[in-house]
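By convention in this document, chain letters (A, B, ...) are assigned in the order of the sequence lines, proteins followed by strands, and residues within each chain are numbered from 1.
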Amino acid sequence: MMFSAARGPSGETPPSPGSDEPQRRGRRGFRRSRLLRTVGAVGAFFAGPLPSRTAPAPLHVLLMGPDREATTKLAPLHAALTKASGLESTLLPREGGPQASSLLNTLRDADAAIFFRGPGAVDDADALIVREFLRSGKGLIVLTAAADAWPSEPKFQAEFLGATSEKLFANGVPMSVINLFPHPILTGVDRFETNQPIPLFAQLAEDAQMIMEGTVGEATAPMAWVRRRPSGRIVHVVPAAFSDPAYQRLVVNAVFWAAGRPVPGARATVQRTFMPDAHPGAFAITLPNGPGLCLDPVRGGINYIWEGDFVDLRPRWLTKQGEPARIFGEIYYREKEWQPLRAGAPEREPDFQFRGYTLQDGYPEFHYDVGGREVYERLTPGADGRGLRRHFRVGPGTDPLWLKLEPQSRAEVTVRGLERDGNLATFTSVAGGEFTIEIRRKMVAAP
Amino acid sequence: MNPTFGYQLVAGAVSRLQRALLLSLLLMAAAAWGQNARVSGVIREAGSGQPVTNAQVKIEGAALANRENSQILRRGTPQGAYQFDVPPGIYDLWAIAPDFTEEKQEVEIPAGGRIERDFTLRPAERSRAYRVETVPLPRHMIPEVSGVAFTPKGSMVVTNRRGEVWMREAPRNAWRRFATGLYEGFGLVSKSEAEVLVIQRPELTRLRDTNADGVADVYETVADDWGITGNYHEFTYGLAGDQAGNLYFGSGMVSFGQARELPWVRGPLKKELFMPWTGQGPVPDGHRSVAQYQGWVFQVSPSGKFTPFAAGFRQPLGIGVSPQDELFVTDVSGAWVPTSTLAHVEKDGFYGHPDPLKWHPDFQERKLTIEELVRLRRPPTVYLPRGLMGTSPGQPLWDTTGGKFGPFSGQVFIGDVTNMLMRVELEKIAGVYQGAAFPFLRGQGLRLGGMHHAFGPDGALYLAQTVRGWMSTEGNEGIQRVAWTGETPLEILHLQLAEKGFSLRFTQPMTESAAQTAHYKIRRFQYNHHPLDGSLRVVEAEVPVISARLDPDGLGLQLELLELQAGYIYEFTLSEKVVSRTNRPLLNRSAYYTANRLLSGESKPGPSKIMAATAALRSGDSQRGAEIFRLNCVVCHQADGKGSRQVGTPDYTAADSPLKKPEEELLAIIANGKTRPDGKMMPPFGNVLPPQAIHDVLAYLRSTFLTAAP
């Protein structure tokens, strides 16, 4: 990452228990890093990503709640965040602390913030800081938003959270089923247990993508969702024990995701379903840090690629007649109906047979028979973590293999290992071999 | 805000033509609303009069032909109340509740009518021989469990409609998620803790865990040679394997016109019906084979060879292989499937629904005639009459527990989308399977949606249950275990065909009460095999029992009937007075025997002594017939009986009035329909109107219009 030189290691002493000083690590250099981040971002916008030279700088996350009780409860979460590799955590004390107001300035330098219920009552100056942060585009994680914890931002729930909380869901009865949807935030989280009453959040925004739902009887309630807004990423999670390692892992993941960093250990998600503009039974695939793509095993190609997270499968699941999955994110690559991989001659539609796939090191490798030749296609992120890399292995065969590319106006397609002539690429090795295709979104300067 | 602002904006934005169209639509909607009728009531418990809090009420009738299975199913309120707003018509109304006997009423609802019908349900006899338990599942498993199987080592493997495979590994019984990302898993066969074959909507997949981490890392496509469109109803059913390693599964037909049209179809698309519907109005049952091999059952050999095995299934929901390695398939009632069935399926056989034949190489270029269809069709091995025998039967599973599941070794257990389990006993008569179907368990905590099941190493029956999209999911999904307690249930153990009647055997010695002919009510009937959505019973008659001989041990019973004919379903209802020597009544007193053949090999009904009983309907009631005509016939035949040239209906008042034909011919036309030389067809009403109603409507037609004819 381009910001690595901006932040030095923390040399500060952890605060003593009971101290009203902010419990923090590594605040030195925040402002400097902020400046460099801005410069870097502008550079990346026009010139593409800078090469990665060193490990990424730790992310700084600020935890805060509306009152002292909340601060106390957040302590185990703060400890977990502090231990997590790549994170620095500051727990902001509320009520009774002499410097609480000025400490809110810390928010300005944080990469992400975790609000437990909400920021609580703040004076006008601090409300401005909170408001600035919310609108700054930085990552925000809210643990159980509560309207009374947002006195200075009464419209917060609708505007930022993308939902409004109402009464308790199912009168506070514990969930009988908790559905964890595929998402990087749930990496390593194979359970979510809570005995706390869950507020019923309603009126979810169109861009709110559910990642966890709970069920009591026939009623279902949102438990966690994410929003990828142009102005920043937002995560909301319902309450659970902050000392629960599974919950801590979820929150750590959420910080990485909300800050736009790869979630450690995240793997590709692969789901066969009913996708728009694809044969039924197509694959919805998302790489850990994006992009998402639709691989059509009938057509034998990638029908489209979008910038963003996994699809919303609920339209298919929650209605009898079933709608296609919903895609969150902008599509920047499309193929048409023809078969892109051909054997023998470029104009001949070959026998194409989908043979299945394997999951290796968190990434899928698909297996095809193209006119009698064994072809394997492994999907991974591009070389610098951006875009999509399609790595093909081809078995022996006398017929050449042709790849018929389609012009893309919003994506760069780079082919390696094939003889390319315009939109036609040829693989001629009788003994078999490998080739790759890299697809990445074209970066366009803002007008 | 001015409340009229929005309206003015809309009104100002549309053209005069659009406004006129909108107005007519509103008027039409208002007219349609005015035509709707309501039936409501309360379901109470017999004796106490307390409301039954967990009842479901089902209304079914031809006027609901645009709905799946021509029915609406609704839960009663906690106060036991129910209400349906439906088009006017004649309906069957069922009230069903766990642990209560089912009650059915016929109700005729005129336009704008408000009919009240209460139900009083009697508690059902509970079996102490079987215990129904819910199997705890991980909280993070979505309990839409659609398939269950056991590995040879005894681990339970399940799949769900969210596309997961979970394994409860023996002997620790710890759950782990074995696979994810499938598209609606529906059934599985598990060879080991590291290899599972699962049927998902688009393919048969072999899942393998090659690195022993407990999670599948290989998803191998074994077969995907049939068509799919994305329609919600094209389920891929299965999975069952034979001893040679062949696997069997099937594809259901799409619910045509009730879902989005899809431009992306795997394989060729043929939307037109193979046998076009020529009746009036929309096709009564929209299930159609639009993509390749929908409505077929498939075989995949151990080498991976895919074979379209047999055709003619509407929804082959249950696929099972007998211990003798023979394939059996259940189908769900609808068009061409008069009631749900269990069929012994052989290669290249045709089992009733003609639409899948469009994919048969012999029939692609030509249409079948009705006569050919009848000749080709193999009758069901066992009919599962709708109502007492459920609605949508699932997988047939043979009791191979060697007595661990009670006294029914070798018999077949079939779940259902309703909360019941059926039992089937098969026998070969003249070389062909047929047999008897019995209710086995209803209620007792049994949930809905048990369409797949498996016997565990403990001899208990494990039911995979899912109802999402069809019924209330609340507490109805997951896995249940039905275990035998060791107590012998008091049941009819065997019901087999004899030369002059039937041979029964009870599970416990019975008193002489079982030797009383008056304690047996036996009715026989047939169904119409036709394009309408299901069939009423036809040519139904009571068959007198002329002798009942109980063996000295009190277990065996020989029933001799006045007449035994092939080609009928025999319904047995035993009196509550038939009791065991311990003075207990039977748990289930009903059974249905499908007599496709007699011991002599005869497969067709012959001359009958009982026809008089069939004809013993009261003479037609013209007044009652008038209402039936208004509800069912007036749209095409017109209120003045003059018919419609456009529709092709005749003028009853004309000199050549068809009402002058013989009564028997007219009754047959109403019941079975008629196709005119120009191809226009009067649809059959035999599945809509009972025989007496057909008599009544004919009496009305003749008394009203024939007198006007010159």
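- No cation-pi contact links R161(B) to W317(A), judged by a cut-off of 6.0 Å to the six-membered ring centre and 45° from its axis.
- E234(B) and Q294(B) share a side-chain donor-acceptor pair at under 3.5 Å.
- Contacts between D361(A) and chain B at a heavy-atom distance below 4.5 Å are absent for every atom of the residue.
- Using a 4.5 Å cut-off between heavy atoms, Q353(A) contacts chain B through its side chain alone, with no backbone atom that close.
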Discussion item. Please evaluate residues Q465(B) and R447(B) with respect to the criterion side chain to side chain donor-acceptor pair (under 3.5 Å), reporting the C-alpha separation (whole Å), side-chain torsions for both, the decisive distance (0.1 Å), and the verdict.
Written reply: CA-CA 7 Å; Q465(B) 297 160 321; R447(B) 300 188 297 209; 2.9 Å; yes

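- Note that R288(B) lies in the cation-pi zone of F256(B), set by a 6.0 Å cut-off to the ring centre and a 45° limit from the axis.
- Ring to ring, Y376(A) and F366(A) are not that close: their centroids are 6.0 angstrom or more apart.
- One N or O on the side chain of Q200(B) and one on the backbone of Y183(B) form a donor-acceptor pair closer than 3.5 Å.
- Within the 4.5 angstrom heavy-atom criterion, only backbone atoms of D190(A) (N, CA, C, O) approach chain B.
- Of the residues considered (T269(A), T273(A), V270(A)), T273(A) shows the highest number of contacts with chain B, using heavy-atom pairs under 4.5 Å.
- Proximity to chain A among residues 214-221 of chain B is limited to A216(B), D217(B), V218(B), Y219(B), E220(B), T221(B), judged by heavy-atom separations below 4.5 angstrom.
- Proximity to chain B is absent for every atom of A284(A), based on heavy atoms less than 4.5 angstrom apart.
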Sequence neighbours left out, cut at 3.5 Å: what donor-acceptor pairs do the side chains of residues 168-189 of chain A make with other protein atoms?
from    : atom 1 : to      : atom 2 : distance (Å)
S176(A) : OG     : T215(A) : O      : 2.8
H183(A) : ND1    : I185(A) : N      : 3.1
H183(A) : NE2    : D309(A) : OD2    : 2.7
T187(A) : OG1    : P184(A) : O      : 2.6

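- Formation of a donor-acceptor pair under 3.5 Å by the N160(B) side chain with backbone atoms of G163(B) is found in this model.
- With a 4.5 angstrom heavy-atom cutoff, R355(A) touches chain B only via backbone atoms.
- Checked against a 6.0 Å centroid threshold, the rings of F242(A) and Y247(A) count as neighbours.
- The candidate with the highest count of non-hydrogen atom pairs below 4.5 Å against chain B, out of R316(A), Q360(A), E193(A), H367(A), is R316(A).
- Highest contact tally toward chain A, considering only R201(B), R468(B), R266(B), E477(B), is held by R468(B) [criterion: heavy-atom pairs under 4.5 Å].
- Heavy atoms of F192(A) lying under 4.5 Å from chain B belong to its backbone as well as its side chain.
- A donor-acceptor pair shorter than 3.5 Å cannot be found between the side chains of E377(A) and H391(A).
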